[in-house]
Amino acid sequence: MAQVDYYKTLGVEKGASADDIKKAFRKLAVKYHPDRNPDNKAAEDKFKEINEAYAVLSDPEKKQQYDTFGSSGFHKQYSKEDIFRGFDFGNAYKDMGGGAEDIFSRMFGRGGGRGGFRSAPQRGVDHEMELTVSFRDAAQGAEKQIAFRRNGQREELKVRIPAGVDNGSKIRITGKGAPSDSGGPTGDLFLIIHVLPDSVFSRDGGDLFVERSISFSAACLGVSLDVPTLEGDKRIKVPAGIQPGTKIRLKGCGIKLPGSNAKGDLYAKIVVHIPETLNDEQKKLVEELASKGL
């Protein structure tokens, strides 16, 4: 499916508030409303695009998935039916004319036109389960064997964990939820990802952080040292006079987020080690440095 920028469709920035998104939607919905544009196919298509964008961006969970995985990743998990499930047409079109059911029938119902609405068979219920993965599997992607119960039976399945998932990310497995009671499609299974902490790395979005300790003399004089990355150690040069807590950036050594073509960065935080005890010779040398103003 082609890339869809829902923010651009509504004419708002990615950081727009829920109120700004709603105002932009209502303004465009009035402009392209079918009652104002009879027999206008271009306006009808635009009206559908506006509603789809608002159905996603007005729903906190769908919006979070769209922002996390981008258009391509989002549409691998959500069909058109999924996008509009739970969308409150009545609230969206309150005081704008035209019944919510009527609008839905004209956009998506069979037969179209006023009175053309017919309830489709309902999908089966979606199921959820938590899946715990290691930090590195979440960052780099992995294949996992999962087991779950469905319709009273145990099932096993191999699933691909996409690189870059984070805590709370959801992975959709189509057709592995509950069957429909009314002849509709089967529900889906959503894996809620829980990422274990790592002993070396911490993470913020696509960026990684590590700590490297150096001696006081190395901080004063400068030093070269190895920094761990997900692809192996990288040699960096620590400049003379570096201050404790300074972060040295390794561009492109972070995590590639789903739906993104670029990797984040890795930041090596420099910690200056101060020894707790000194031998006599070390103490004497430090005293000499102190006497010289260092």
Side-chain angles (χ1 to χ4, degrees), residues 1 3-7 13-18 21 53 55-79 82-83 86 126-148 157-174 176-177 188-212 227-232 234 247-269:
M1 181 173 180
Q3 296 285 314
V4 180
D5 189 334
Y6 289 136
Y7 292 99
E13 297 295 327
K14 187 172 182 179
S17 68
I21 290 171
V56 172
L57 300 184
S58 64
D59 184 303
E61 181 176 328
K62 293 187 181 83
K63 182 177 182 295
Q64 189 268 336
Q65 293 292 305
Y66 178 75
D67 289 345
T68 300
F69 295 103
S71 176
S72 178
F74 176 82
H75 286 99
K76 287 179 182 177
Q77 298 192 51
Y78 286 84
S79 65
D82 294 327
I83 287 172
D126 293 333
H127 289 170
E128 292 185 347
M129 67 174 284
E130 287 194 359
L131 179 63
T132 298
V133 298
S134 71
F135 185 95
R136 293 174 190 248
D137 281 349
Q140 297 177 304
E143 191 174 76
K144 294 291 182 182
Q145 184 88 12
I146 64 170
F148 56 98
L157 189 68
K158 279 187 177 181
V159 297
R160 180 68 190 171
I161 309 301
V165 297
D166 207 347
N167 267 318
S169 296
K170 288 186 177 181
I171 298 173
R172 178 188 183 197
I173 304 175
T174 305
K176 292 299 181 179
D188 301 324
L189 173 65
F190 286 88
L191 302 179
I192 303 174
I193 302 300
H194 173 65
V195 182
L196 294 172
D198 189 78
S199 60
V200 176
F201 301 103
S202 59
R203 174 182 177 182
D204 182 8
D207 293 332
L208 293 175
F209 299 85
V210 298
E211 285 193 359
R212 294 294 280 117
V227 172
T229 76
L230 291 173
E231 288 79 32
K234 299 281 187 181
K247 295 183 181 71
I248 297 177
R249 176 190 179 201
L250 283 74
K251 187 176 181 180
C253 289
I255 295 172
K256 183 178 179 181
L257 295 176
S260 172
N261 292 322
K263 281 188 175 183
D265 302 322
L266 183 143
Y267 293 87
K269 180 181 178 181

Do [X] and [Y] touch side chain to side chain, with heavy atoms closer than 4.5 Å?
X      : Y      : answer
Phe201 : Leu266 : yes
Leu189 : Leu157 : no
Leu208 : Val210 : no
Lys176 : Phe148 : yes

Under the salt bridge (Lys or Arg N to Asp or Glu O under 4.0 Å) rule, collect the residues that match up with [X], sequence neighbours excluded.
X      : result
Glu61  : Lys170
Asp82  : Arg85, Arg123, Arg172
Lys234 : none

- Query: Looking at Ile255 and Ala139, what are the two nearest heavy atoms and their distance?
  - Reply: CD1-CB, 3.6 Å
- Message: Please give me the minimum heavy-atom distance between Lys62 and Ile83, naming the atom from each residue.
- Response: CE-O, 3.2 Å
- Query: Does a sphere of radius 6.0 Å around CD in Glu130 hold more than 12 heavy atoms from other residues, nucleotides or ligands, not counting ones at 6.0 Å or beyond?
  - Reply: no
- Message: Tell me if the CD atom of Gln145 is crowded by more than 12 foreign heavy atoms within 6.0 Å.
- Response: yes
- Query: Side chain of Asn167, backbone of Val195: donor and acceptor closer than 3.5 Å?
  - Reply: yes
- Query: Do side-chain atoms of Asp126 reach the backbone of Asp188 as a donor and acceptor pair under 3.5 angstrom?
  - Reply: yes
- Check the pair Asp59, Tyr66 against side-chain hydrogen bond (donor to acceptor under 3.5 Å, both in side chains), reporting the backbone distance first and the verdict last. CA-CA 10 Å; Asp59 184 303; Tyr66 178 75; over 6 Å; no
- Query: Hey, which of Arg136, Lys263, Lys256 is the one that makes salt bridge (charged side-chain N to carboxylate O under 4.0 Å, His left out) with Glu231?
  - Reply: Lys263
